[in-house]
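Heads up, the thing below is written out as structure tokens.
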Number of protein chains: 2
Amino acid sequence: MPAATELPHPERASLEIGAVLFALSDPERRELVRELREGPQDAANCMAIDPALPKSTKSHLMKVLRESGVIRNEPNGRNRRLTLRSDDLESRFPGLLDAVLGPR
Amino acid sequence: MPAATELPHPERASLEIGAVLFALSDPERRELVRELREGPQDAANCMAIDPALPKSTKSHLMKVLRESGVIRNEPNGRNRRLTLRSDDLESRFPGLLDAVLGPR
DNA sequence: CGATCGGTTCAACTATTCTCGAACCATGCC
DNA sequence: GGCATGGTTCGAGAATAGTTGAACCGATCG
């Protein structure tokens, strides 16, 4: 059954600059975004980056990024696929991602 | 005596993207920045914008913006001159201000 | 000088966010 | 089915941030 745990994501039109800036103001969250810049990743990969952090903490980081609309988090088999919402962000706040992360 | 109350400001080189993003994540602080985009203002003007807020609260908003390096706050007669540090911000984080506030 | 004006700082309180273990919930494999 | 796996959610405590009145301070005006 393809009805796995779908998490809520804000629509492109309802992205808020304040929430996005807040999400990106944390170094660990920026680091995660930087990873996703190269392409979608399985959450497992990102979890593995800093093994010291408990998974609930990492999950929380992702939640803030997801709820602000920075990343997408969708079920993928028994783990989750994380995607940077570059298009949505670029559409609503042109240049923001590059300005924050530096040019690729 | 020109030795009035000089507040500490971070150097251009030590501006941190995290602190800047955090400062800009608040709507009231963004509003203040938007005002200063048109040019320097006396703090009194900015204080007058929303008369409901007590001055200590407004002072706190300015403090966060100042400590993150977004604005400069220097004594000017018996009040204070607020300046957006556009050049410093543009130098360290090119395009950020426009991406956050939208093009002028 | 003394009073006033503009603004900062202090201190106490509230609200929000972070952190992390424990419980939980699907999925995929045996 | 039963169990391991990958991740989310819950709940509680710690930490950080916001709000505001009162005290304060330097500059100016009378």
Side-chain angles (χ1 to χ4, degrees), chain A residues 1-9 16 18-32 35-36 40-68 70-83, chain B residues 1-9 16 18-32 35-36 40-68 70-83:
Chain A
M1 288 84 208
T5 319
E6 287 285 358
L7 298 164
H9 292 80
E16 284 179 37
V20 171
L21 293 177
F22 181 80
L24 293 176
S25 71
D26 178 67
E28 313 214 43
R29 289 194 292 253
R30 276 201 306 284
E31 186 52 38
L32 210 166
E35 298 285 335
L36 294 181
Q41 295 260 341
D42 274 352
N45 273 333
C46 301
M47 290 290 201
I49 288 177
D50 186 349
L53 286 184
K55 52 184 184 172
S56 54
T57 304
K58 300 231 186 68
S59 191
H60 177 65
L61 294 184
M62 297 181 195
K63 182 181 187 181
V64 174
L65 287 168
R66 173 177 54 82
E67 289 180 337
S68 66
V70 175
I71 70 176
R72 203 177 296 279
N73 179 342
E74 355 187 48
N76 177 33
R78 84 166 111 187
N79 43 10
R80 310 204 136 248
R81 163 132 312 197
L82 304 182
T83 333
Chain B
M1 287 86 204
T5 318
E6 287 286 355
L7 298 164
H9 292 80
E16 285 178 36
V20 171
L21 292 177
F22 182 79
L24 293 176
S25 71
D26 178 67
E28 313 214 44
R29 291 193 292 253
R30 276 201 306 282
E31 186 52 39
L32 211 166
E35 298 286 335
L36 294 180
Q41 294 261 341
D42 273 354
N45 273 333
C46 301
M47 291 290 202
I49 289 176
D50 186 349
L53 287 183
K55 53 184 183 174
S56 55
T57 303
K58 301 233 186 67
S59 191
H60 177 65
L61 294 183
M62 297 180 195
K63 183 181 186 183
V64 174
L65 287 169
R66 172 178 54 82
E67 288 179 338
S68 66
V70 174
I71 70 176
R72 204 177 294 281
N73 178 343
E74 2 190 41
N76 176 32
R78 86 165 111 188
N79 43 10
R80 311 203 134 251
R81 162 132 316 197
L82 304 181
T83 332

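Note that the structure is predicted; figures quoted are calculated from it, not measured.
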Steps toward side chain to side chain contact (heavy atoms under 4.5 Å, CB included) verdict (Thr83(A), Glu74(A)): CA-CA 8 Å; Thr83(A) 333; Glu74(A) 355 187 48; 4.1 Å; yes

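- Residues in residues 40-57 of chain B take part in these salt bridge (charged side-chain N to carboxylate O under 4.0 Å, His left out) pairs, two or more places apart or across chains: Asp42(B)-Arg81(B).
- Looking only at distances, no side-chain donor or acceptor of Arg66(B) sits under 3.5 Å from a matching main-chain atom of His9(B).
- Of the two residues near DNA chain D, Phe22(B) and Pro54(B), the one whose nearest nucleotide lies more 5' is Phe22(B).
- The salt bridge (charged side-chain N to carboxylate O under 4.0 Å, His left out) analysis of residues 19-32 of chain A, with sequence neighbours excluded, yields the pairs Glu31(A)-Arg34(A).
- In this structure, CD of Glu74(A) is placed 19 Å from P of dA26(C), rounded to the nearest angstrom.
- Rounded to a whole Å, the CG atom of Leu32(B) is 12 Å from the P atom of dG7(C).
- Separating the CG atom of Asp26(B) from the P atom of dA15(C) is a distance of 17 Å, rounded to the nearest angstrom.
- The closest donor-acceptor contact from the side chain of Ser59(B) to the backbone of Ser56(B) lies at 3.5 Å or more, if one exists at all.
- A 4.5 Å side-chain heavy-atom check between Arg80(A) and Thr5(A) finds at least one atom pair inside the cut-off.
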Can you name the atoms? Protein N/O to nucleotides 6-12 of chain D N/O, anything below 3.5 Å, with the distance.
residue, atom, partner, partner atom, Å
dG6(D), O4', Arg78(A), O, 3.3
dG7(D), OP1, Ala44(A), N, 2.3
dG7(D), N7, Lys55(A), NZ, 2.8
dG7(D), O6, Lys55(A), NZ, 3.0
dT8(D), OP1, Asn73(A), ND2, 2.7
dT8(D), OP2, Ser59(A), OG, 2.7
dT8(D), O5', Ser59(A), OG, 3.4

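- In this structure, Asn76(A) atom CG and dT5(D) atom P are separated by 19 Å, rounded to whole Å.
- Arg81(B) comes within contact range of no nucleotide atom at all, as no heavy-atom separation falls under 4.0 Å.
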